[in-house]
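Structure first, then comments.
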Amino acid sequence: YSSKVRGWWDLLIFLKEVLYHILTKAPPNVRIIHSGHACNIEEERYTERVYTIREGETLKLTCLVSGHPRPQIRWTKTAGSATDRIQDSSVFNETLRITRIQRHQGGRYYCKAENGLGTPAIKSIRVDVYYLDDPVVTVHQSIGEAKEQFYYERTVFLRCAANSNPPVRYSWRRGREFLSQGSDKGVEIYEPFFTQGETKILKLKNLRPQDYANYTCTASVRNVCGIPDKSVLFRLTNKTASPTIKLLVEDPIVANPGQTVILVCIVSGGEPTPTLMWVRNTEELPKKSILKSETLTIPAISMEDAGVYSCVASNNVGNPAKKSTNIVVRALKKGRFWITPDPYHNDDNIQIGREVKISCQVEATPPEELMFSWLKNGRPLRSSERMVITQTDPDVAPGATNLDIIDLKFTDFGTYTCVASLKNGGIPEISIDVNISSTTVPPNLTVPREKSPLVTQEGDTVDLQCLVSGKPKPIILWSRADKEAPMPDGNMQTESYDGVLRIVNVSREMAGTYRCQTSQYNGFNVKPREAIVELIVLYPPTVEPVYTEIRQGLGRPFSLSCRVLRAHPSKVLDYEWKLGTRLLTVGQLDTRDETEYHVRALNREGYGAYTCDIKNEAGAGRCTFLVTGKAYAPEFYYDTYSVLWQNKPRVYGFKLQWTQMNPNAVDRIMAYRLGIKQTGHQRWWEQEIPTEDNIQKGELLTYNLTELIKPEAYQVRLTPITRFGEGDSTERIIRYSAPVTPDWSKFHCAFEEDTICMFTQDKTEEFDWTRHSAATRDTKYTPNTGPSSDRTGSKQGFYMYIETSRPRLEGDKARLLTPSFNVAPKNPYGNVATNPTYCFSFFYHMYGKHIGTLNVYLRQKSQTGQDTSVWTLSGNQGDRWRQARVNINPTSSFQMVLEGIRGSGIEGDIAVDDVAIEEGECRDPPPSSNIRSLASPTAMHIWQLWLTLLLVLVGLRR
């Protein structure tokens with residue numbers, strides 16, 4: 001008997017834990033709502049969720065999320081084939097807000113919610129940005145002439161184009177006369193096949209006197225989203241002509257640095273008067289340039305200002321006129337030389353009786369003005385049989401000259417000077433001196449013994465050195481020898497004039513071998529000499545974890561581990577464990593890469609920061625472990641959108657629900673400190689909520705907040721307390737909205753607030769319900785339909801209605817959804833055959849000869865995709881408000897759906913007001929409605945399962 005009782009008790013504990021897990025853990029679920037109303041146009045019938053908005057307005061999308069623990073939310077956007085990152089802090093918030101939205105920000109937006117349970121929940125909505133740019137009219141004309149005949153034809157094409165979304169519709173007027181295809185034999189209106197829908201062309205065949213007139217093109221998107229039509233006027237006369245211009249400057253313009261360059265462009269023809277614009281290649285004009293009327297002035301011109309400048313004239317008739325000039329800024333730079341020994345001897349030295357060649361190179365602009373002259377010991381040198389001066393082919397080596405010394409003699413030793421200049425002067429000359437003597441020898445490279453291998457520490461400054469001998473000394477080129485990688489300055493090669501390469505702030509990635517080699521410039525044109533320098537970088541150990549937090553209760557054991565990832569040198573490493581400043585233990589890592597420290601039983605003195613320093617000769621790496629007894633933060637329960645209720649006219653209550661994250665990680669939580677304040681205020685009110693027993697993982701805790709003032713929002717902070725002290729806090733915002741809670745007794749909504757009691761629109765249907773009051777409603781077009789006041793008779797009161805005027809069509813539907821309501825299960829030991837009964841009531845107004853149908857559906861969470869019809873009514877019911885009441889028996893979380901269907905004409909507005917749900921059956925349902933009672937076999941089966949389980953348990957006990 002005792003074993004049976006113990007087994008039965010274990011089974012109950014197991015079932016309790018399973019129920020805790022099922023009831024408190026829930027995978028994420030999301031849906032997207034938006035502020036404002038979508039703009040639709042008549043010919044578009046969306047089968048997906050689309051939110052249309054006018055360019056420049058504010059987009060606000062809200063992702064309503066449920067699930068426990070609280071899911072993480074992220075917004076992303078995909079537009080066409082490109083994925084855009086939303087550059088906004090709101091990307092991780094429930095509400096995505098984009099102020100002054102632009103056309104490129106349209107596309108599909110995704111809300112993703114995940115909390116580690118099941119697959120992430122993803123919902124999307126497509127945002128369509130509507131806009132209309134000013135239309136532009138361009139004119140082209142064709143002139144045909146038949147030879148040997150007196151025949152002359154002139155045809156003019158007026159093309160109108162405007163960027164828009166949705167597609168634009170064009171209309172043409174000549175003067176006040178609307179033009180259409182066929183209205184005038186001399187006029188043809190068409191859309192080119194290759195740009196269909198993007199432009200409209202007006203063709204005037206064989207111009208007649210009446211064709212010279214004012215033409216107006218109007219672009220329209222049919223006032224969608226309130227976007228007005230836009231028009232452009234073009235005056236066609238017998239003087240209408242494309243632009244012509246004259247550029248009053250030479251081409252090219254050659255200028256010295258510092259000069260002021262003036263470019264003048266004048267309009268020589270064109271009607272209407274063309275507009276002028278200056279452009280430079282594909283770049284912007286220099287910032288210092290001055291543009292005044294037809295003149296472009298560039299003061300103090302420099303090499304950076306050189307390029308092709310173009311004057312462009314346009315008047316939308318024919319093609320723009322364009323004339324260009326090239327500005328060349330004269331300059332000399334980068335003078336270099338090299339010495340080439342006699343190529344007919346396998347010897348790099350200069351010797352008497354052999355040939356030697358001196359080459360000189362300069363970069364010049366313009367290259368055709370470059371001139372060279374040679375001096376020997378300061379005196380002019382002319383070409384002769386032994387001193388041959390040549391200029392290299394500019395196509396091969398532009399800007400170079402050679403001096404060939406044939407049969408070198410002792411008297412040829414001296415200093416040779418290459419002088420480069422430009423023909424017209426104005427630019428300083430460049431002189432390059434080359435000494436030829438018995439001491440002129442090819443270069444040689446060596447590395448000092450103490451400079452390779454070179455050992456340094458990370459972060460130091462180091463000099464890599466190659467000693468270069470020879471005369472003249474060449475430029476030294478440094479590069480990486482061990483791999484294809486850039487030098488510290490980012491270039492693949494670095495020049496040095498003294499053979500030294502300085503590296504500042506050395507890093508471990510810079511370790512390796514470096515190559516120094518001679519350049520042919522400013523030296524001998526011989527095979528490069530090179531040498532290798534090895535750089536060794538010492539750096540302290542890199543360890544993990546750098547920082548981690550460990551939460552432990554008193555009396556419990558734990559271990560800490562610090563691991564070396566990399567270090568140089570890495571053979572012998574010392575370690576040192578400390579708690580604060582107190583030394584715990586020391587040792588060496590010979591072959592291991594980690595060290596551990598064990599605590600058998602944690603006491604109060606054992607709380608604090610533990611550090612492990614692992615050292616080598618370059619420094620130390622540190623692991624830090626913060627051991628604390630702080631409790632983890634609680635997690636608020638968000639499985640319903642607003643767990644609140646109304647208990648008095650001016651105040652409301654809120655059931656605060658939460659679970660504790662890892663409650664067994666530390667000592668028992670003795671209480672919670674609750675803080676609450678109104679949002680926007682500074683003062684917090686605090687109190688403690690004691691706990692009696694140990695809190696289990698996943699256990700749902702509740703606390704009722706009362707006397708909250710409507711409609712204020714409150715900030716709530718919850719902090720767990722153990723004998724260690726306060727733990728981590730968590731905060732949330734409580735906002736007043738419609739009562740959606742397992743404990744509600746009555747819900748009522750009169751649509752007096754903009755939030756419309758958290759009702760939402762079903763965007764899968766053709767249009768939306770509209771919130772209105774009789775004081776603001778426009779009855780100009782449909783005076784014989786719709787209410788003249790709200791349900792109470794007030795002209796100022798609000799209600800919801802469907803607008804059945806254009807562009808609505810017969811059969812179009814609009815659906816309005818209540819908030820989600822949770823159903824509290826009855827006591828399983830009570831009446832097992834009855835589900836909770838609620839009364840759903842509302843007032844409706846169905847007046848007009850074209851009234852369609854009003855339907856009411858019950859949508860349950862347990863019956864996804866299956867709405868149950870509970871009430872329906874069709875046709876004209878007179879100009880008055882009537883009430884409908886219907887009993888419902890939901891078995892799970894539910895919503896009510898109000899569906900309005902457009903009738904056969906525009907006099908078919910349907911309105912609803914004062915929607916209510918209350919516990920218990922309806923009293924005297926009105927006879928005018930068609931009521932359908934709901935059977936609840938599902939709930940009956942649930943109670944039968946409870947009975948079966950009880951019988952099994954009783955059998956075990958016996």
Side-chain angles (χ1 to χ4, degrees), residues 332-364 367 369-423 428-446 466-477 495-499 517-531:
L332 288 173
K333 59 182 180 179
K334 285 190 177 179
R336 290 179 169 179
F337 75 91
W338 58 93
I339 302 170
T340 306
D342 192 337
Y344 299 104
H345 295 81
N346 190 18
D347 191 349
D348 293 341
N349 292 298
I350 296 176
Q351 295 185 17
I352 299 294
R354 295 184 181 178
E355 179 183 341
V356 64
K357 180 166 68 174
I358 306 172
S359 300
C360 174
Q361 186 180 42
V362 174
E363 292 185 11
E369 289 190 15
L370 178 62
M371 299 187 305
F372 286 107
S373 61
W374 285 90
L375 304 176
K376 178 184 178 184
N377 297 328
R379 296 180 180 180
L381 185 65
R382 294 184 178 182
S383 184
S384 64
E385 291 184 358
R386 288 187 57 252
M387 300 283 183
V388 181
I389 299 174
T390 59
Q391 189 155 345
T392 309
D393 185 350
D395 294 333
V396 179
T401 182
N402 301 318
L403 172 62
D404 276 293
I405 304 175
I406 310 298
D407 188 15
L408 183 67
K409 299 182 181 300
F410 182 78
T411 55
D412 295 330
F413 289 162
T415 300
Y416 293 83
T417 305
C418 167
V419 180
S421 62
L422 295 180
K423 286 181 181 179
E429 299 176 338
I430 290 181
S431 297
I432 302 170
D433 293 333
V434 182
N435 185 265
I436 301 295
S437 68
S438 58
T439 60
T440 302
V441 294
N444 188 36
L445 282 181
T446 58
C466 280
L467 297 178
V468 56
S469 61
K471 186 179 180 181
K473 287 186 178 180
I475 297 173
I476 302 301
L477 301 177
E495 290 187 355
S496 170
Y497 288 87
D498 58 0
Q517 70 178 33
T518 59
S519 165
Q520 70 171 9
Y521 299 114
N522 296 3
F524 274 72
N525 182 20
V526 295
K527 183 180 179 180
R529 274 59 167 169
E530 65 177 46

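Bear in mind the structure is a predicted one, so any value in this text is a computation, not a measurement.
When the side chain to side chain contact (heavy atoms under 4.5 Å, CB included) test is applied to R336, the partners found at least two apart in sequence or on another chain are E495, Y521, N522. For F410, the side chain to side chain contact (heavy atoms under 4.5 Å, CB included) partners two or more places apart in sequence, or in a different chain, are F413. When the side chain to side chain contact (heavy atoms under 4.5 Å, CB included) test is applied to S359, the partners found at least two apart in sequence or on another chain are W338, K357, N402. Annotation: salt bridge (Lys or Arg N to Asp or Glu O under 4.0 Å) contacts of E363 (sequence neighbours excluded): none. Among residues two or more places apart in sequence or in another chain, the side chain to side chain contact (heavy atoms under 4.5 Å, CB included) test is passed with D498 by S496, V500. With sequence neighbours excluded, the residues that form a side chain to side chain donor-acceptor pair (under 3.5 Å) with K471 are T439. Applying the side chain to side chain donor-acceptor pair (under 3.5 Å) rule to S469 yields no partners; only residues at least two apart in sequence or on another chain are considered. Partners of E355 according to the salt bridge (Lys or Arg N to Asp or Glu O under 4.0 Å) rule, which considers only residues two or more places apart in sequence or in another chain, do not exist here.
With a 4.5 Å cut-off on side-chain heavy atoms, Q361 and F337 do not count as touching. At least one side-chain heavy atom of I405 sits less than 4.5 Å from a side-chain heavy atom of M387. Between V362 and F372, the closest side-chain pair of non-hydrogen atoms falls below 4.5 Å. V526 has its side chain within reach of P341: a pair of non-hydrogen atoms, C-beta onward, lies under 4.5 Å apart. With a 4.5 Å cut-off on side-chain heavy atoms, T440 and I350 count as touching. N525 is not listed as a side-chain neighbour of I339, based on a closest heavy-atom distance of 4.5 Å or more. Contact check for W374 versus T417: no side-chain heavy atoms found under the 4.5 Å cut-off. Contact of the L467 side chain with the L445 side chain is not registered, since no non-hydrogen atoms from C-beta on lie closer than 4.5 Å.
Counting only distance, with no hydrogens or angles, the side chain of T518 and the backbone of I476 share no donor-acceptor pair below 3.5 Å. A donor-acceptor distance shorter than 3.5 angstrom exists from the side chain of T401 to the backbone of T390, with no hydrogens or angles considered. Side-chain atoms of N377 come within 3.5 Å of backbone N or O of T415 as a donor-acceptor pair.
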Check the pair V441 / F524 against side-chain contact (heavy atoms from CB on, under 4.5 Å), numbers first and verdict last.
CA-CA 8 Å; V441 294; F524 274 72; 5.6 Å; no

For R354 and L408, run side-chain contact (heavy atoms from CB on, under 4.5 Å): C-alpha distance rounded to whole Å, both residues' side-chain angles, the deciding distance at 0.1 Å, then the answer.
CA-CA 5 Å; R354 295 184 181 178; L408 183 67; 5.8 Å; no

Let me see the working for I436 and I358 under side-chain contact (heavy atoms from CB on, under 4.5 Å), right down to the final yes or no.
CA-CA 9 Å; I436 301 295; I358 306 172; 3.8 Å; yes

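In this structure, L370 and G399 approach most closely via the heavy-atom pair CD2-CA, 3.4 Å. The two residues V419 and S431 come nearest to each other via the heavy atoms CG2-OG, 3.9 Å. When all heavy atoms of C466 and A531 are compared, the pair lying nearest together is SG-CB, 4.3 Å. The heavy-atom pair separating P428 from L332 by the smallest distance is O-CD1, 3.6 Å. Nearest heavy-atom pair across P442 and R529 is CB-NH2, 4.0 Å.
In this structure, CG in L403 is found 9.5 Å from SG in C418, a value given to the nearest 0.5 Å. Between the CZ atom in R382 and the OG atom in S373 there is a gap of 11.5 Å [rounded to 0.5 Å].
Applying the salt bridge (Lys or Arg N to Asp or Glu O under 4.0 Å) test to every pair with at least one member in residues 398-420, sequence neighbours left out, gives these pairs: R386-D412, D407-K409.
Counting non-hydrogen atoms of neighbouring residues, nucleotides and ligands closer than 6.0 angstrom, the NZ atom of K473 reaches no more than 12 such neighbours.
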